[in-house]
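First comes the structure, then the notes that go with it.
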Amino acid sequence: AKSRAQARHRGEDVINRYEARIISKTNKIKWVYFNISTIQLNGRNAILGSVLDITGNKTIEMQLKTSEEKFYKAFHSSPIPITINSLTDGVYMDVNESALQTFGYLPHEAIGQSIFNLIVFTDEEELQHYIDELRTNKKVRNFNVTFRTKDGSLKECIVNSDIFISSGQKYVISSIIDLSEVMKNEKIIYEQFKELQTINSDLMKTKEELMLCNIQLLDEKERFNLILESITDAVIVTNNVGDIVLVNSATCRLFNHDYSYYIGRNAFELLNIKCKQSVSLNYEDILTTLKTNTFSKECIVYIGSNINDI
């Protein structure tokens with residue numbers, strides 16, 4: 001502003017109207033509008049100026065710009081097809097990426113063209129009904145329509161539209177739900193649901209089979225225990241590394257320990273057994289023999305101070 005004033009005093013051609021920011025006496029930044037003109041006063045050049053505080057207008061302007069930026073981002077990033085048309089002639093003013101993909105057009109093929117030129121409505125009666133409802137109610141809600149895509153295929157859609165005013169012009173913003181995509185997704189979900197039902201049915205059958213096997217195993221275990229307890233000789237059952245998993249009552253009486261004393265302990269470490277013949281009592285050697293033959297040897301077991309033939 002100072003440089004403009006100096007140039008004006010020198011008689012240079014300077015713009016007379018402009019906006020600027022100033023710092024007020026209270027140290028606040030304000031937007032002002034200057035209107036400056038050169039006049040003659042008492043035979044001398046003088047400057048006549050007026051200042052209008054436009055801070056409020058600038059605040060609204062910046063808020064509007066922010067809102068427009070937010071709308072632009074929401075419009076173009078929305079996964080829902082959205083279009084903006086002129087109300088007077090139906091010309092597409094803007095189309096988001098989702099709408100372009102849904103209907104198969106490139107931006108330059110749609111923007112600037114009207115709904116009439118592109119013949120997006122397949123039924124003229126539907127189109128007229130849509131226009132009548134829009135002009136009467138200033139909006140359209142859940143309007144079922146069949147649209148034609150660029151390649152000529154048809155899409156069943158639902159349209160919701162509203163009229164809005166920008167820069168004195170009326171426009172129509174429309175959001176479109178592609179029912180064919182919805183039905184396609186529903187079909188996928190249904191197929192996945194049926195697959196899950198099949199898997200669940202198979203799991204239930206497997207569960208029932210396991211329950212039956214468990215019952216059978218319990219029956220077998222009960223029968224085995226009855227047989228085991230009926231044997232008067234000591235019987236010790238081990239796993240493949242020699243750990244005791246089962247003993248009968250005769251074993252408990254012979255070695256004078258209760259049942260829990262044996263379970264989980266290694267048979268060869270627990271029992272002091274020596275073979276009468278020159279034969280290895282290594283458990284791995286016994287397992288190797290049992291794969292092809294029986295193992296039966298006379299041995300001596302030491303129980304306390306007693307020596308027993310087994």
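All figures in this text were calculated on a predicted structure; none of them were measured in a lab.
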Do you know the tightest heavy-atom contact between [X] and [Y]?
| X | Y | answer |
| --- | --- | --- |
| T102 | S98 | OG1-O, 2.8 Å |
| N248 | L228 | ND2-O, 3.3 Å |
| T146 | T122 | O-OG1, 3.1 Å |
| A110 | V95 | CB-CG2, 4.3 Å |
| A250 | D233 | CB-O, 3.4 Å |
| Y262 | T251 | OH-O, 3.7 Å |

Is [X] reaching over with its side chain to a backbone N or O of [Y], donor-acceptor style, under 3.5 angstrom?
| X | Y | result |
| --- | --- | --- |
| N96 | I80 | yes |
| T238 | D243 | no |
| N160 | N142 | yes |
| R148 | I119 | yes |

Could you please spell out the steps behind the side-chain contact (heavy atoms from CB on, under 4.5 Å) verdict for I115 and T83? CA-CA 11 Å; I115 57 174; T83 62; over 6 Å; no
Report whether [X] and [Y] are members of the same hydrophobic cluster (ILVMFWY, side-chain heavy atoms less than 4.5 Å apart, transitive linking).
| X | Y | answer |
| --- | --- | --- |
| F143 | V120 | yes |
| I177 | V140 | no |
| I84 | I111 | no |
| I231 | F255 | yes |
| L254 | V247 | yes |

For the atom pair [atom1] ([X]) and [atom2] ([Y]), what is the distance rounded to the nearest 0.5 Å?
| X | Y | atom1 | atom2 | answer |
| --- | --- | --- | --- | --- |
| L134 | I163 | CG | CD1 | 4.0 Å |
| C157 | L179 | SG | CG | 6.5 Å |
| I54 | K30 | CD1 | NZ | 11.5 Å |
| N85 | Q113 | CG | CD | 12.0 Å |
| N27 | K25 | CG | NZ | 12.5 Å |
| E222 | L218 | CD | CG | 8.5 Å |

According to the interplanar angle, ranging from 0 to 90°, do the rings of F147 and F121 count as parallel (below 30°), tilted (30 to 60°) or perpendicular (above 60°)?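 Because their plane-to-plane angle is over 60°, the rings of F147 and F121 count as perpendicular.
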Describe, in one word, how the ring planes of Y261 and H257 are oriented to each other, choosing from parallel (under 30°), tilted (30 to 60°) and perpendicular (over 60°).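 Judged by the thresholds at 30° and 60°, the geometry between Y261 and H257 is parallel.
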With a 4.5 Å heavy-atom cut-off, do [X] and [Y] have their side chains touching?
| X | Y | value |
| --- | --- | --- |
| V91 | F116 | no |
| E209 | L212 | no |
| L118 | Y92 | yes |
| N57 | W31 | no |

Within the supplied structure, the quantity of interest is the number of heavy atoms (other residues, nucleotides, ligands) at a distance under 6.0 Å from [X] [atom1]; does it exceed 12?
| X | atom1 | answer |
| --- | --- | --- |
| I23 | CD1 | no |
| I29 | CD1 | no |
| N256 | CG | no |

Output every pair passing salt bridge (Lys or Arg N to Asp or Glu O under 4.0 Å) with a member in residues 124-135, not counting sequence neighbours, ordered by first then second residue.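 For residues 124-135, and leaving out neighbouring residues, there are no salt bridge (Lys or Arg N to Asp or Glu O under 4.0 Å) pairs at all.
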I need the single residue from K138, R141, K170 that forms a salt bridge (Lys or Arg N to Asp or Glu O under 4.0 Å) with D162. Which is it?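 Answer after filtering K138, R141, K170: R141.
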Hydrophobic side-chain clustering at under 4.5 Å (ILVMFWY, transitive links): who's grouped with L154? Put none if nobody.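 Cluster partners of L154: none, it stands alone.
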Is a salt bridge present between E220 and R223, judged by a nitrogen-to-oxygen distance below 4.0 Å?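 R223 and E220: salt-bridged.
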So does D53 pair up with K58, basic N to acidic O under 4.0 Å?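 Looking at K58 together with D53, the answer is no, because their closest N to O distance does not fall below 4.0 Å.
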List the steps, then state whether side-chain hydrogen bond (donor to acceptor under 3.5 Å, both in side chains) holds for H129 with D123. CA-CA 10 Å; H129 183 194; D123 189 323; over 6 Å; no
Give the intermediate values and the outcome of side-chain contact (heavy atoms from CB on, under 4.5 Å) for residues H76 and D94. CA-CA 9 Å; H76 285 282; D94 205 352; 3.3 Å; yes
Chi angles and distances behind the side-chain contact (heavy atoms from CB on, under 4.5 Å) call for D89, S114: CA-CA 7 Å; D89 54 15; S114 74; 5.7 Å; no
Check against side-chain contact (heavy atoms from CB on, under 4.5 Å), I176 and V145: CA-CA 10 Å; I176 303 164; V145 61; over 6 Å; no
